[in-house]
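These numbers come from the heavy atoms of this one structure, side chains and all, not from hydrogens, waters or symmetry mates.
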Amino acid sequence: MNVEIAVTKRNRIFLYFLILLVFPIVYNKLGYKLTWNNLEMLSFGFLMLCLIMSVYLFGCVVMICAMRRVFAGALDAPVSKWKGILGKFGYFVSAIVPSIFVLLAFLSIWIWHREEFWDMLWMNSIWRVSFICLVLVGLSLLIAKNRAWALFFLEKEIVEVIKEVIVEQEVIKEVIVKEEVIKEVIVEREVIKEVIKEVEKVVEVPVATHDASGLPNKIALNEMYSYLVHVAGVGPKILNKLIRFFDIVAIRTGSGVRHVIFSDGTVVRCDQILSVFEALNLDGWMVKISDSYMVNMLLVDFPDFKDGKQLKLHMETMEGLLRNMKLADIQLMLVRGAGIKDKYILEFLKTKNSLTHVGWDTWVPFKK
């Protein structure tokens, strides 16, 4: 995977080298009817023309990349066939036509004083502007098929784009099936009633097979994990479809489906898990870090809770996850969303002085 990314970056650098440095030289040496003109390549005038063309082409590239982002939905995941066609048409028109108009306007101003103005404009349009059109169309097609060719500072992370598409599809689904959503709310209430019954049964379940009597009543947030993992181990400990809260690392959400990620990397579907946490008064520990993931703050490595774009878990928890998860999947899970970042984590930290470890070994029922 890393090799492919490196190749893409190398090819992208080479592509923009050709467009922004080599093509201006070729364009300004190109005369009518595909012949070379007599301009000296090392003259000040020729170098200025190349510089102007490089700046113009850079603007064209920025325009194409920006339109690629604007029409990302139609190009990557169109809602319907016709919307996809209209979206692609809008992308190519918006990405190319304004740039060509700008070039024609510049040429018109440049040769306006000439007596043969219309002839020169016509010949430039046929033999030179058309050449630029081909380059812009080719670049637009390339970026439309693979957004990795876009300029890096205008390119969103692929993970975020996928999340945006999922969110957009969820919104469309809710608009189309309003009646179904109402029915789901009613069903949700019934399920919550069942969850409460399950929680009442949990009281009768034996306590975990460890002695927590030696734990202090009050533990600082940055020291809490060290105490708990020493007493409880990484786990997970499961008993009759029940798991300790300490062994739940994260919740993956999407399209009305919830998946629970255990401390050994096992992933289990449990659509009502958030209602379970709420009923057990454990929901305050589960903090949203992106559009798709909530993480158990008991397992976060405070006070240095982030490593670049990723949330930082304790080493023991990371080693446990690697038993059944790939490192790339764990890293994806821990990426803090662009729109959310540390918002909810900082809100959680405001309550750190009032936090208590009570409930860390609560048995949590999980089922689909």
Side-chain angles (χ1 to χ4, degrees), residues 188-189 191-203 205 207-208 212 215-229 231-232 234-237 242-254 258-263 268 270-306 310-314 316-317 320-321 333-337 339-367:
E188 177 84 9
R189 291 176 180 174
V191 171
I192 291 175
K193 292 179 181 178
E194 293 182 7
V195 169
I196 293 174
K197 292 179 182 178
E198 291 289 338
V199 172
E200 291 174 350
K201 294 178 182 178
V202 172
V203 178
V205 175
V207 295
L215 288 176
N217 293 327
K218 184 65 178 177
I219 308 176
L221 181 61
N222 60 332
E223 300 175 354
M224 194 175 293
Y225 183 88
S226 298
Y227 276 97
L228 300 182
V229 78
V231 173
V234 175
K237 291 189 177 180
L242 300 167
I243 186 170
R244 298 178 310 177
F245 181 63
F246 187 69
D247 294 325
I248 296 176
V249 178
I251 307 297
R252 185 174 68 213
T253 64
R258 306 285 184 268
H259 288 88
V260 184
I261 300 172
F262 295 162
S263 55
V268 177
C270 182
D271 295 342
Q272 308 306 324
I273 190 65
L274 298 182
S275 300
V276 174
F277 287 151
E278 185 176 356
L280 293 170
N281 294 320
L282 297 172
D283 51 314
W285 286 101
M286 301 304 299
V287 173
K288 190 178 184 68
I289 66 166
S290 66
D291 290 337
S292 300
Y293 287 96
M294 300 177 70
V295 173
N296 188 345
M297 292 292 108
L298 277 172
L299 310 177
V300 175
D301 191 359
F302 290 107
D304 300 323
F305 63 88
K306 54 186 176 181
Q310 293 182 340
L311 193 66
K312 188 177 177 183
L313 299 181
H314 282 277
E316 294 89 343
T317 299
L321 289 171
M333 175 182 73
L334 297 177
V335 171
R336 294 172 293 122
I340 296 176
K341 295 185 178 178
D342 303 331
K343 176 182 176 182
Y344 298 112
I345 299 176
L346 294 177
E347 289 180 4
F348 168 80
L349 287 175
K350 290 179 181 178
T351 65
K352 66 179 181 179
N353 294 326
S354 61
L355 292 173
T356 174
H357 60 280
V358 174
W360 68 275
D361 57 349
T362 299
W363 290 102
V364 178
F366 63 92
K367 63 180 181 178

Within the structure provided, determine whether [X] and [Y] are in side-chain contact (heavy-atom separation under 4.5 Å).
X      : Y      : value
Phe262 : Asp247 : no
Ile261 : Ile248 : no
Leu313 : Asp301 : no
Leu321 : Met333 : yes
Pro365 : Val276 : yes
Ile251 : Val260 : yes
Ile243 : Trp363 : no

Within this structure, what is the [atom1]-[atom2] distance for the pair [X] and [Y], rounded to the nearest 0.5 Å?
X      : Y      : atom1 : atom2 : result
Lys237 : Ser263 : NZ    : OG    : 10.5 Å
Ile289 : Arg336 : CD1   : CZ    : 8.5 Å
Trp285 : Leu298 : CH2   : CG    : 4.5 Å
Ile273 : Leu282 : CD1   : CG    : 9.5 Å
Asp291 : Tyr293 : CG    : OH    : 12.0 Å
His259 : Ser292 : NE2   : OG    : 12.0 Å

Legend entry - Main-chain N/O of Ala250 paired with Asn296 side-chain donor or acceptor, under 3.5 Å: no
Inset, instruction - Determine, step by step, whether Thr362 and Phe246 satisfy the side chain to side chain contact (heavy atoms under 4.5 Å, CB included) criterion, reporting the C-alpha distance in whole Å, the side-chain angles of both residues, the deciding distance to 0.1 Å, and the verdict. - result: CA-CA 8 Å; Thr362 299; Phe246 187 69; over 6 Å; no
Inset, instruction - Return the set of residues passing side chain to side chain contact (heavy atoms under 4.5 Å, CB included) with Val287 (not counting sequence neighbours), or none when no residue passes. - result: Met297, Tyr344, Ile345, Phe348
